[in-house]
**Student:** 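If you scroll down you'll find the structure; I have some questions about it.
Start at 1 and go down the list; that is how both ligands and their atoms are numbered.
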Amino acid sequence: NVNASQKDFLHISDFDKPTLLNILDRAKEVKALIKSEERTYLPFKGKTMAMIFAKPSMRTRVSFETGFYLLGGHAIYLGPDDIQMGKREETRDIARVLSRYNDIIMARVFAHQVRWGGLDISKSVLSYHLQNKIFIYRFLLLLQDILDLAKYATVPVINGLTDYNHPCQIMADALTIIEHVGHLEGTKVVYIGDGNNIVHSWLLLASVIPFHFICACPKGFEPDEETVKKAQGAGVSKIEITNDPKEAVRGADVVYSDVWASMGQKEEAAQRRQVFQGFQVDEELMKIAGQKAYFMHCLPAERGVEVTNGVVEAPNSIVFPQAENRMHAQNAVMLHVMGL
Ligand code: CP
Ligand code: NVA
């Protein structure tokens, strides 16, 4: 589903390779302008962005708000208690109202796409439940569907993380790898841990840009099978899913880690700590990876759990330049989808 001129930024694989490389080049240019304290480049002047957060955030919130402001615009933070997408109000109504006030929408929600036997339940079931005054909190949380938001919004919608993927993070990661390794194409990126939203975005990137991606995860915590098949089927990158972290990391350019229990899974944290034994990125694993391996983590990190304090603080850890690049990558993504 490559469509280089499409309105939204929902999945990396909606864009072709020249478009993604062009966005990353733009990120470098705008980063240099911001670093030089140039304050005359104001493409977002007179524009506003609505930022919907159904989950907590530090990097995503601050990087989007700061980036939009530095380029002349005004961003509005809407926290979990403000909009209550799918709970206080239907997603399709929120999309159309915000599109009348704002030039762009960024959203961090739970569900990526709500489908039930091919039915789009985010509209039909919600209306049914509202009419019958049945308010089941957990169930309604599921109805915060980013694809529905994008479908009904007339302005660009940017995915700031769903349970399924995190495309802005992977754009920042790609930029960071280009800056540190020199190139993304042909590098070996080894992810250790849960086959989660971050992995899905890596897989979708690997279906467009050629590199070697390995996900080493415990049995039963593999990434979504359909997404793995799609990425492997694209025939662009070498993609491996394994349960052996030690074998996977040999010769890596990047060893990447994320929390074992994502937002929405925190009640499983204790049990996951048992299952994920052997998947901690520690000094020994980095030694097996080899001298050239950088350590990356989307953050927030739980030191002593998925990664040791020593690995986060080591000279080859690039987690803070990586976090900074969230802002620069997203500025370029916003410029792209807004046609600026
Ligand atoms: N990496 C990331 O998305 O961080 P936040 O959850 O703090 O936004
Ligand atoms: N997998 C993590 C990423 C946080 C940025 C989560 O979804 O909580």
**Student:** Tell me the contacting part of Leu299 for ligand 1: side chain, backbone, both, or neither, using a 4.0 Å heavy-atom threshold, strictly below.
**Tutor:**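 It is the backbone that gets close, since no side chain atom is under 4.0 Å.
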
**Student:** Counting only heavy atoms closer than 4.0 Å, does ligand 1 sit against the backbone of Gln169, its side chain, both, or neither?
**Tutor:**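 Side chain only.
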
**Student:** Purely on distance, is any nitrogen or oxygen of Cys298 under 3.5 Å from one on ligand 1?
**Tutor:**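 Yes; the residue has a nitrogen or oxygen that sits under 3.5 Å from a nitrogen or oxygen of the ligand.
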
**Student:** Regarding Asn316 and Gln291, is there a side-chain donor-to-acceptor distance under 3.5 Å anywhere?
**Tutor:**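 There is no such pair between these side chains.
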
**Student:** List the closest protein heavy-atom neighbour of atom 4 (O) of ligand 1: residue, atom name, distance to the nearest 0.1 Å.
**Tutor:**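 Checking every protein heavy atom, the shortest distance to atom 4 (O) of ligand 1 gives Arg59 NE, 2.8 Å.
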
**Student:** Give yes or no for whether the N/O distance cutoff of 3.5 Å, strictly under, is met between Ser262 and ligand 2.
**Tutor:**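 By distance alone, the answer is yes.
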
**Student:** Can you tell me which residue and heavy atom of the protein come closest to atom 7 (O) of ligand 1, and the distance to 0.1 Å?
**Tutor:**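 Result: Met58 N, 2.6 Å.
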
**Student:** Which is it for Arg303 and Thr308 under the side chain to side chain donor-acceptor pair (under 3.5 Å) test, yes or no, and what are the steps along the way?
**Tutor:** CA-CA 5 Å; Arg303 297 172 195 225; Thr308 60; over 6 Å; no

**Student:** To the nearest 0.5 Å, what is the distance between CD1 (Ile198) and CE (Met296)?
**Tutor:**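 Between atom CD1 of Ile198 and atom CE of Met296 there are 10.5 Å.
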
**Student:** Can you tell me if NZ on Lys287 sees more than 12 non-hydrogen neighbours from other groups inside 6.0 Å?
**Tutor:**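 Atom NZ in Lys287 is not crowded, with 12 or fewer foreign heavy atoms closer than 6.0 Å.
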
**Student:** Suppose we measure from atom 8 (O) of ligand 2 to each protein heavy atom; which comes out shortest, and what is that distance?
**Tutor:**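 Of the protein heavy atoms, Met263 N, 2.8 Å lies nearest.
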
**Student:** Is a donor from one side chain sitting under 3.5 angstrom from an acceptor on the other, for Gln322 and His297?
**Tutor:**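 On atom types as modelled, these side chains do not qualify, holding no pair under 3.5 Å.
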
**Student:** Mark up the atoms of ligand 2 that fall under 4.0 Å of a heavy atom belonging to Asn196, in ascending order.
**Tutor:**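 Under 4.0 Å from Asn196, ligand 2 has these atoms: 1 (N).
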
**Student:** Does any N or O of ligand 1 fall below 3.5 Å from an N or O anywhere on Pro56, backbone included?
**Tutor:**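 In fact, backbone or side chain, Pro56 has no N or O that close.
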
**Student:** Hey, does Arg61 come in under 3.5 Å of ligand 1, counting only N/O atoms on both sides?
**Tutor:**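 No, Arg61 has no N/O under 3.5 Å of an N/O on ligand 1.
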
**Student:** Give the numbers and elements of all ligand 2 atoms closer than 4.0 Å to a heavy atom of Asn197.
**Tutor:**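 Every atom of ligand 2 under 4.0 Å from some heavy atom of Asn197: 1 (N), 2 (C), 6 (C), 7 (O).
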
**Student:** Are any of the side-chain nitrogens in Arg273 or Glu268 under 4.0 Å away from the carboxylate oxygens of its partner?
**Tutor:**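 Looking at Glu268 together with Arg273, the answer is no, because their closest N to O distance does not fall below 4.0 Å.
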
**Student:** Please determine whether side chain to side chain contact (heavy atoms under 4.5 Å, CB included) holds for the pair Leu285 and Ile192, giving the CA-CA distance in whole Å, both sets of side-chain angles, and the decisive distance to 0.1 Å.
**Tutor:** CA-CA 10 Å; Leu285 198 66; Ile192 312 283; 4.3 Å; yes

**Student:** Is it true that His166 lies under 4.0 Å from ligand 1, counting heavy atoms only?
**Tutor:**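 It does, in that a heavy atom of His166 comes within the 4.0 Å cut-off of ligand 1.
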
**Student:** When clusters are formed by joining ILVMFWY residues with side-chain heavy atoms under 4.5 Å apart, either directly or through shared neighbours, do Val190 and Ile288 land in the same one?
**Tutor:**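 Result: yes, single cluster for both.
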
**Student:** Determine the interplanar angle of the Phe213 and Tyr191 rings, folded into 0 to 90°, and report it as parallel if under 30°, tilted if 30 to 60°, perpendicular if over 60°.
**Tutor:**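 Tilted.
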
**Student:** For Leu299, counting its heavy atoms only, list the atoms of ligand 2 lying under 4.0 Å from any of them.
**Tutor:**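 Result: 5 (C).
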
**Student:** Give the ring-plane orientation class for Phe53 versus Tyr77, where under 30° counts as parallel, over 60° as perpendicular and anything between as tilted.
**Tutor:**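 The arrangement is tilted - the two ring planes meet at 30° to 60°.
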
**Student:** Identify, for atom 6 (O) of ligand 1, the protein heavy atom at the shortest distance, and state residue, atom and that distance.
**Tutor:**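 Answer, as residue, atom name and distance: Arg108 NH1, 2.8 Å.
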
**Student:** Could you see which bit of Leu161 sits under 4.0 Å from ligand 2, with heavy atoms only: side chain, backbone, both or neither?
**Tutor:**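 Leu161 to ligand 2: side-chain contact only, backbone stays beyond 4.0 Å.
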
**Student:** Give me the nearest non-hydrogen protein atom to atom 3 (C) of ligand 2 as residue plus atom name, then the distance to 0.1 Å.
**Tutor:**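 Scanning the protein heavy atoms, the shortest distance from atom 3 (C) of ligand 2 goes to Asp258 OD2, 3.6 Å.
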
**Student:** Who's the nearest protein heavy-atom neighbour of atom 2 (C) of ligand 1, and how far?
**Tutor:**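 Going atom by atom, the protein heavy atom closest to atom 2 (C) of ligand 1 ends up being Arg326 NH1, 3.2 Å.
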
